[in-house]
Amino acid sequence: MVRESKAEDLWQLLELYTHLHEKEVPPDSPKLRETWEAICADPNYHIVVYEEQGRVVSACLCLIVPNLTHSVRPFALVENVVTHRDHRGKGYATACLDYAADLARNNGCYKIMLMTGSKEQSTLDFYRRAGYSSEGKTPFNMLL
């Protein structure tokens with residue numbers, strides 16, 4: 001089932017992120033707890049998860065960004081799209097992305113932006129099938 005994350009999903013999410021790019025689950029710390037509490041309290045910050053048999057097996061972040069252009073319509077940023085290795089190819093990430101797109105529509109967003117660091121053709125094809133395009137604007141990053 002696809003849904004928004006709950007406070008009790010923290011440790012499952014952190015474990016899931018080891019299937020994205022994290023090497024290990026970070027240790028419990030005041031900074032970790034403070035960050036999680038801020039995420040949970042922010043009405044524009046949505047972590048969409050797919051739960052299978054009580055376990056979070058796929059997720060994506062959908063951030064609604066207030067904006068002064070485009071008739072004062074916000075835009076959405078999708079990040080951290082991940083599915084547990086043992087559950088890939090079952091449509092779970094697509095369901096999370098569809099839920100994120102509904103969140104964006106329901107919040108009046110005029111666009112959704114998604115960037116991937118992957119050069120894998122299968123990953124790029126997945127995003128295209130999900131409705132995203134690599135045409136148009138040119139992305140730039142500044143990693144800090």
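The distance from the CD1 atom of Ile112 to the CZ atom of Phe75 is 12.0 Å, given to the nearest 0.5 Å. The distance from the SG atom of Cys62 to the CD atom of Glu79 is 11.5 Å, given to the nearest 0.5 Å. Atom CG in Leu14 sits 9.5 Å away from atom CG in Leu16 (nearest 0.5 Å). In this structure, OG on Ser5 lies 11.5 Å from CD on Glu51, to the nearest 0.5 angstrom. Atom SG of Cys60 sits about 9.0 Å away from atom CG of Asn80, to the nearest 0.5 Å. Here the CG-CD1 distance, from Asp9 to Ile47, works out to 8.5 Å after rounding to the nearest 0.5 Å.
Leu103 and Asn107 make their closest contact through O-ND2, 2.8 Å (heavy atoms, listed as atom of the first residue, atom of the second, distance). When all heavy atoms are compared, the tightest approach of Ala76 to Cys109 is N-SG, 3.9 Å. Closest non-hydrogen pair, Val57 versus Glu52, comes out as CG2-CB, 3.9 Å. Across all their heavy atoms, Val78 and Ala100 have their closest contact at CG2-CB, 4.3 Å. Smallest separation of non-hydrogen atoms from Arg3 and Tyr99: CA-CE1, 4.2 Å. In terms of heavy atoms, Ala130 sits closest to Leu97 at CB-CD1, 3.9 Å.
Relative ring orientation between Tyr127 and Tyr132 is described as perpendicular, the plane-to-plane angle rising above 60° on a 0-90° scale split at 30° and 60°. A tilted orientation is assigned to the rings of Tyr92 and His87, their planes being inclined by 30° to 60°.
By the neighbour-count criterion of 12 heavy atoms within 6.0 Å, atom CD of Glu24 is sparsely surrounded, having that number or fewer from other residues, nucleotides or ligands. The environment of Glu8 atom CD is dense: over 12 non-hydrogen atoms of other residues, nucleotides or ligands sit within 6.0 angstrom.
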**Tyr45/Ile64 under side chain to side chain contact (heavy atoms under 4.5 Å, CB included): CA gap, chis, key distance, verdict** = CA-CA 7 Å; Tyr45 203 113; Ile64 308 298; over 6 Å; no

**Leu77/Lys111 under side chain to side chain contact (heavy atoms under 4.5 Å, CB included): CA gap, chis, key distance, verdict** = CA-CA 9 Å; Leu77 175 64; Lys111 71 176 177 180; over 6 Å; no

**Request:** Using the salt bridge (charged side-chain N to carboxylate O under 4.0 Å, His left out) rule, take Asp125 and Arg128 through it: C-alpha gap first, then chi angles, then the decisive distance, then the call.
**Result:** CA-CA 5 Å; Asp125 290 343; Arg128 287 185 184 101; 3.7 Å; yes

**Message:** Please evaluate residues Val49 and Arg55 with respect to the criterion side chain to side chain contact (heavy atoms under 4.5 Å, CB included), reporting the C-alpha separation (whole Å), side-chain torsions for both, the decisive distance (0.1 Å), and the verdict.
**Reply:** CA-CA 10 Å; Val49 301; Arg55 297 292 306 164; over 6 Å; no

**Asked** Going through the checks in order, is the side chain to side chain contact (heavy atoms under 4.5 Å, CB included) test met by Leu13 and Val56?
**Response** CA-CA 7 Å; Leu13 280 167; Val56 173; 4.3 Å; yes

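Put simply, the side chain of Thr116 gets close to the backbone of Ser118: a donor and an acceptor are under 3.5 Å apart.
Connection of Phe126 to Met113 is not established within any shared hydrophobic cluster, with ILVMFWY side chains joined at heavy-atom distances below 4.5 Å, either directly or through further cluster members. Under the 4.5 Å side-chain heavy-atom criterion for ILVMFWY residues, a single connected hydrophobic cluster contains both Leu63 and Leu20. Residues Val82 and Tyr50 do not share a hydrophobic cluster, clusters being chains of Ile/Leu/Val/Met/Phe/Trp/Tyr side chains in contact below 4.5 Å.
Judged as a salt bridge (Lys or Arg N to Asp or Glu O under 4.0 Å), not a single pair has a partner in residues 80-101 (not counting sequence neighbours).
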List the atom pairs, donor and acceptor, that lie under 3.5 Å between side-chain atoms in residues 35-44 and the rest of the protein, sequence neighbours left out.
{"unit_1": "Thr35", "atom_1": "OG1", "unit_2": "Lys31", "atom_2": "O", "d": "2.9"}
{"unit_1": "Trp36", "atom_1": "NE1", "unit_2": "Ala7", "atom_2": "O", "d": "3.0"}
{"unit_1": "Asp42", "atom_1": "OD1", "unit_2": "Asn44", "atom_2": "N", "d": "2.8"}

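Salt bridge status for Arg105 with Asp102: present, with a side-chain N to carboxylate O gap under 4.0 Å.
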